[in-house]
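One structure below.
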Amino acid sequence: MQRNITFSETIFTPLIPERVFKVADECLLEVRLVETRKELSSWIYEYEVSGEYGKIEKFLVRIHHIEILY
C-alpha cells in the first residue's frame with residue numbers, strides 16, 4: 001500500500017490569486033490565500049501550498065518563471 005505524504009509550504013508573491021490558483025490546479029496542488037498586504041506601491045500575497053513534495057517544487061519553479069515575466 002502506497003501512502004502519499006502531504007507537505008505544506010508558505011510562499012509570498014506579487015502574482016494575483018487567479019494565476020496562482022490556475023498553476024496550482026495544473027500541478028495538482030491545494031492552495032489557500034492566507035493574507036494580502038500592500039507594500040510600497042504593489043500588493044504581496046501570502047499563500048499556503050499543500051501537496052506532494054515533488055509537485056510543490058514544480059509549482060515553485062513555475063511561479064518563479066511567471067514572476068520573472070510579470
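Predicted, not measured: the structure shown is a model, and the values here were computed from it.
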Item to check | Within-4.5 Å side-chain heavy-atom neighbours: W43 and T36 | outcome: yes
Item to check | Pair S8-S50, side-chain donor/acceptor within less than 3.5 Å | outcome: yes
Item to check | Within one Ile-Leu-Val-Met-Phe-Trp-Tyr cluster: L60 and L28, side-chain cutoff 4.5 Å | outcome: no
Next on the checklist: I'd like to check the salt bridge (charged side-chain N to carboxylate O under 4.0 Å, His left out) partners of R19; sequence neighbours left out, ordered by chain and number.
Outcome noted: none
Item to check | Connected-component partners of I44 among ILVMFWY, side-chain separation under 4.5 Å | outcome: F12
Next on the checklist: Go through it in stages, so that I can follow the logic: the residues are Y45 and L33, the test is side chain to side chain contact (heavy atoms under 4.5 Å, CB included), and I'd like the CA-CA distance, side-chain angles, deciding distance and then a yes or no.
Outcome noted: CA-CA 7 Å; Y45 301 95; L33 179 61; 4.1 Å; yes
Next on the checklist: Would you say that V23 contacts F59 through its side chain, given a criterion of any heavy-atom pair below 4.5 Å between the two side chains?
Outcome noted: yes
Checklist entry - Should the heavy atoms of other residues, nucleotides or ligands under 6.0 Å from CD1 of I68 be counted, would the total exceed 12? => result yes
Item to check | L40 atom CG, over 12 foreign heavy atoms within 6.0 Å | outcome: no
Next on the checklist: To the nearest 0.5 Å, what is the distance between CG on L15 and CG on L69?
Outcome noted: 10.0 Å
Checklist entry - With a 4.5 Å limit on heavy-atom distance, are the side chains of H65 and V61 in contact? => result yes
Checklist entry - From I63 CD1 over to Y47 OH, what is the distance, rounded to the nearest 0.5 angstrom? => result 8.0 Å
Checklist entry - Atom NZ of K58 and atom SG of C27: how far apart are they, to the nearest 0.5 Å? => result 5.0 Å
Next on the checklist: Between E67 and T13, do the side chains contain a donor N or O and an acceptor N or O under 3.5 Å apart?
Outcome noted: yes
Checklist entry - Going by the side chain to side chain donor-acceptor pair (under 3.5 Å) test, which pairs reach into residues 21-33, not counting sequence neighbours? => result E26-R62, R32-E48
Checklist entry - Out of curiosity, does I56 fall in the hydrophobic cluster containing V34 (side-chain heavy atoms, cut-off under 4.5 Å, transitive links)? => result no
